[in-house]
Amino acid sequence: LILEITYEIFSQPLNGSYTIGGSSPNFATLQLAADALNANGVSGPVFFNIRPGIYSNNGGNNTVLLLDGTVAGLSADNRITFQPDAASGGNVDNVILGKNITDPGTSDGWLVSVVLDYITFNNLTFRESDNSLPTFNNVFVKLGGTNLFKPSSIVIEDCKFEGSDSSITGTGIAIDYWLKDITIRENTFTKLLVGISAEVLDGNNIVEDNQFLAGYRSSTGAGDPLGSAIRIGGQNLFIRRNIVDFNESLNGGYTGINVLIQGNAESVFIEQNSIVGTVSQGIKISGNVNQSATVIANNMISTHAYNVWPNEGAFGIYNRADNAKIVFNTISVYGYNLTGLGVFGNDCSVLNNILVVKPYYGWNVAYDQGNNQSLNLQSDYNSIFSTMGIWVIRNGVFYNTLLEYQNGTGLDINSTSKDVEFVAPEDLHLTECQSQDPELWGIPIPSITIDVDGEIRHETLPTIGADEN
C-alpha cells in the first residue's frame with residue numbers, strides 16, 4: 001500500500017506542499033526532492049517544507065542540493081520554495097544545510113547549486129563547520145547558468161550564511177554572469193570573505209535589508225586584496241538598507257559595498273546603508289564608468305580606514321562613475337593614508353553631505369576630486385572637516401583650507417566646515433543640539449525625500465547628511 005501511494009504521488013507533476021526529512025517524509029533528502037522535480041515537473045506552486053535537522057552529503061564534503069536540468073511547468077506562477085516545516089517546529093535556527101570539508105581533493109566547491117528559474121530559499125541556515133578544511137572556490141549557494149540558459153527570478157530571503165571560525169569560508173552567494181532579476185533580502189552573512197558576489201546581472205536586482213557581520217579579507221598570490229560584503233554589477237541595481245559591520249572581523253575588510261559598472265549598466269541605487277568597523281574602502285564604484293546613472297544617498301559610513309595594498313588608497317566613498325549623485329551621506333573616517341570622499345567621474349553632483357576626516361598619520365585627503373578627472377562637478381551645501389592633511393584636491397591643486405578651496409575653484413560656496421557632533425562614534429545620527437544647527441541646512445533634492453531611517457525630509461531646508469532628525 002505504501003509503495004502504491006508513493007508511486008501515485010510522485011508519478012504526477014508536483015503541486016502543493018511536501019515534507020523533507022524527519023519521520024515518514026515525502027522525501028528523505030533534499031536531492032530526492034530535486035530529482036522528483038526533474039522527473040515529474042510541476043503543475044502549480046511547490047513548497048518543500050524541511051523538518052528540523054542538519055542536512056549534508058558525505059558528511060558535508062559534497063553538494064547537498066543540485067537544482068538543474070528541466071522542470072516542466074515551472075513559471076513565475078509555479079515557483080519552487082524551500083523552507084522550514086513550521087508544523088514540526090522548523091525554523092531558521094534548526095533547519096541547517098551543513099558543509100564540512102574533510103577531503104579537499106574530492107570535495108565540491110559549493111553546498112547548493114541552482115541552475116533553474118523561479119526558485120526561493122526562505123528561512124534556512126547554511127553553515128560551515130569550524131573543523132572544515134580549506135578548499136578552492138568555497139561557496140554556500142551558487143546561482144549558475146549555461147551559454148544557452150540564464151536563470152531569472154531567484155529569491156533568497158531571511159536565511160543565515162555562517163562561515164567557519166577558522167576564516168576559510170569564501171562566499172555566501174555567488175552568481176554567474178547574465179542571470180536576471182535576483183532578490184537577496186533580510187539575510188545574515190557572518191564570517192565570510194565575500195557575502196554576495198555577482199559581476200554582470202540583467203534586469204532588476206535587489207540587495208536589501210541584509211546584515212554582513214565579521215567579514216574578513218585576504219589576497220591573491222600576487223598580493224591583490226580580496227574581500228567584500230557585497231561585490232556586484234548589473235543592469236539595474238538596488239542596494240538598500242544593508243548593515244555592514246566589520247567590528248568582530250579577524251583582520252578587517254577590503255571593501256564594504258563594491259559596485260562594478262559593466263557595459264549593460266543602466267542605473268545603480270546605493271541608499272540607506274550603514275558601514276562600520278575596519279575596512280579599507282566603505283563604498284567603491286568602478287568599472288565602465290560612463291555607462292550608468294548612479295545614486296549614492298543617505299548612507300552612514302563610520303570606519304577605520306587604511307590602505308591594504310600599495311596600489312590603492314583607502315576611502316570612505318570612492319566613485320569613478322560619471323553622472324553620479326552623491327547626496328545626503330554622512331562619512332566619518334579615521335585611520336591613515338586615507339581619503340574621506342573621492343570623486344573621479346564627470347558630471348557628478350555632490351550635495352548635502354557631511355564629511356569628517358580624523359587621520360592620525362600618513363598621506364590623507366578629506367575630499368579628492370582628482371587631476372582633471374571630475375569635469376562639470378556640482379559640489380555644494382556640504383560640511384567638510386579634517387584634522388590633518390589636505391582638505392581638497394581639484395585638478396591636481398592642493399587646498400589646505402575650505403576658504404582656499406572655495407576661492408580657488410568656485411565650488412562649495414555654501415558649504416561649511418564643522419566637527420559635527422554625533423550620538424556615538426559608530427552611530428552617526430546627529431545629537432539633538434547639532435540637529436538644530438542652521439549651518440547644517442542644505443537644499444531640497446526632489447528625488448530624495450526621506451533620510452536613512454525613512455523619516456520625511458524637510459521640504460525646503462533639509463538637514464545635510466544621512467540623518468534628518
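For the pair I445/R457, no side-chain contact is recorded, criterion being any heavy-atom separation below 4.5 Å from C-beta on. Looking at heavy atoms from C-beta onward, V420 lies in side-chain contact with Q434 at the 4.5 angstrom threshold. When side chains are defined from C-beta on, I156 counts as touching F161, because their heavy atoms get closer than 4.5 Å. Under the 4.5 Å side-chain criterion, counting only non-hydrogen atoms from C-beta, P359 is in contact with T387. Residues N138 and K99 have side chains in contact (heavy-atom distance under 4.5 Å, counting atoms from C-beta outward). Residues F398 and V365 are not in side-chain contact: their nearest non-hydrogen atoms beyond the backbone lie 4.5 Å or more apart. With contacts defined as side-chain heavy-atom distances shorter than 4.5 Å, the pair S249/N251 qualifies. Counting heavy atoms from C-beta on, the side chains of I275 and T303 come closer than 4.5 Å.
When all heavy atoms of A198 and L201 are compared, the closest pair comes out as CB-CD1, 3.8 Å. Closest approach of I448 and A297 over heavy atoms only: CD1-CB, 3.9 Å. Residues L30 and Y55 come closest through the heavy atom pair CD1-CB, 4.0 Å. Heavy-atom minimum distance, P151 versus I154: CB-CD1, 4.2 Å. Q406 and I413 get closest at one heavy-atom pair: NE2-O, 3.6 Å. S164 and D130 make their closest contact through OG-CA, 3.6 Å (heavy atoms, listed as atom of the first residue, atom of the second, distance).
For F315, the ring-ring contact (aromatic ring centres under 6.0 Å, His included) partners at least two apart in sequence or on another chain are Y318. Residues satisfying the side-chain contact (heavy atoms from CB on, under 4.5 Å) test with E432, not counting sequence neighbours, are S435, Q436, N469.
At distances below 3.5 Å, not a single donor-acceptor pair connects side-chain atoms of N123 with backbone N or O atoms of C159. Of the possible polar contacts, one joining the D467 side chain to the L430 backbone as a donor-acceptor pair under 3.5 Å is found. Side-chain atoms of N61 never come within 3.5 Å of backbone atoms of I101 as a donor-acceptor pair (strictly under, hydrogens ignored). At distances below 3.5 Å, at least one donor-acceptor pair connects side-chain atoms of N273 with backbone N or O atoms of I239. Counting only distance, with no hydrogens or angles, the side chain of S415 and the backbone of Y381 share a donor-acceptor pair below 3.5 Å. Using a distance-only test at 3.5 Å, with no hydrogens or angles considered, a donor-acceptor pair links the side chain of N299 to the main chain of I270. In this structure, the side chain of N91 engages the main chain of D93 through a donor-acceptor pair within 3.5 Å. Of the possible polar contacts, none joining the N337 side chain to the Y306 backbone as a donor-acceptor pair under 3.5 Å is found. Panel note: side chain Q272, backbone D451; a donor-acceptor pair is recorded below 3.5 Å. Between the N210 side chain and the I184 main chain, a donor and an acceptor come within less than 3.5 Å of each other.
In the model, Q369 has a side-chain atom that pairs as donor or acceptor with a side-chain atom of Y405 under 3.5 Å. With no hydrogens or angles considered, a side-chain donor-acceptor pair links R79 and T120 at under 3.5 Å. Remark: the D108 side chain and the N62 side chain contain an N/O donor-acceptor pair separated by less than 3.5 Å. Under the 3.5 Å distance criterion, with hydrogens and angles disregarded, no donor-acceptor pair is assigned to the side chains of N137 and K142. With no hydrogens or angles considered, a side-chain donor-acceptor pair links Q378 and S349 at under 3.5 Å. Side-chain contact, S152 with D181: no donor N or O sits under 3.5 Å from an acceptor N or O.
Atom CD of E459 is surrounded by 12 or fewer heavy atoms from other residues, nucleotides or ligands within 6.0 Å. Heavy atoms of other residues, nucleotides or ligands lying less than 6.0 angstrom from CD1 of I54 number 12 at most. Open room surrounds CZ on F136; 12 or fewer heavy atoms of other groups in view lie less than 6.0 Å from it.
Rounded to the nearest 0.5 Å, atoms CD1 (I354) and CG (L440) are 5.5 Å apart. With rounding to the nearest 0.5 Å, the separation of OG in S302 from OH in Y334 is 7.5 Å. Separation of atoms CG (N414) and CG (N352) is listed at 10.5 Å; rounding is to 0.5 Å. For the atom pair OH (Y367) and CD1 (I331), the distance works out to 9.5 Å, reported to the nearest 0.5 Å. One distance of note links CZ of F422 with OG1 of T330; it measures 5.5 Å at 0.5 Å rounding. Atom OG of S153 sits about 11.0 Å away from atom CG of N204, to the nearest 0.5 Å.
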Show, in sequence, the C-alpha distance, side-chain angles and deciding distance for S267 and N236, and conclude whether the side-chain hydrogen bond (donor to acceptor under 3.5 Å, both in side chains) test is met. CA-CA 5 Å; S267 61; N236 297 295; 2.7 Å; yes

Apply the test side-chain hydrogen bond (donor to acceptor under 3.5 Å, both in side chains) to residues T63 and S113: give CA-CA distance (whole Å), side-chain angles for both, the deciding distance (0.1 Å), then the verdict. CA-CA 7 Å; T63 299; S113 176; over 6 Å; no

Audit row: F140, E128, side chain to side chain contact (heavy atoms under 4.5 Å, CB included) steps and yes/no: CA-CA 8 Å; F140 278 130; E128 181 158 21; 3.9 Å; yes

Which is it for R231 and L260 under the side chain to side chain contact (heavy atoms under 4.5 Å, CB included) test, yes or no, and what are the steps along the way? CA-CA 7 Å; R231 185 177 187 273; L260 308 170; 3.6 Å; yes

Passes side chain to side chain contact (heavy atoms under 4.5 Å, CB included), L67 versus I80? Steps please. CA-CA 11 Å; L67 290 164; I80 299 167; 5.8 Å; no

Yes or no on side chain to side chain contact (heavy atoms under 4.5 Å, CB included) for N329 and I301, after CA distance, side-chain angles and deciding distance? CA-CA 8 Å; N329 299 285; I301 301 172; over 6 Å; no

Quick one: do N376 and D347 satisfy side-chain hydrogen bond (donor to acceptor under 3.5 Å, both in side chains)? Show the steps, please. CA-CA 5 Å; N376 304 317; D347 302 303; 3.0 Å; yes

Worked verdict on E312 versus Y254 for side-chain hydrogen bond (donor to acceptor under 3.5 Å, both in side chains): CA-CA 11 Å; E312 192 173 61; Y254 169 44; 2.5 Å; yes

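Under 4.0 Å is where a charged nitrogen must lie from a carboxylate oxygen, and between D176 and K150 no such pair does. With respect to the salt-bridge test (charged N to carboxylate O, under 4.0 angstrom), the residues D209 and R185 do not qualify. Using a 4.0 Å cut-off between a side-chain N of Lys or Arg and a carboxylate O of Asp or Glu, R240 and E271 do not qualify as a salt bridge.
Below 30°, between 30° and 60°, or above 60°: for Y336 and Y361 the angle between ring planes is below 30°, a parallel geometry. Under the 30°/60° scheme for interplanar angles, the aromatic rings of F385 and W391 are found to stand perpendicular.
Of the candidates N353, L341, T416, L411, N353 is the only one forming a side chain to side chain contact (heavy atoms under 4.5 Å, CB included) with N382.
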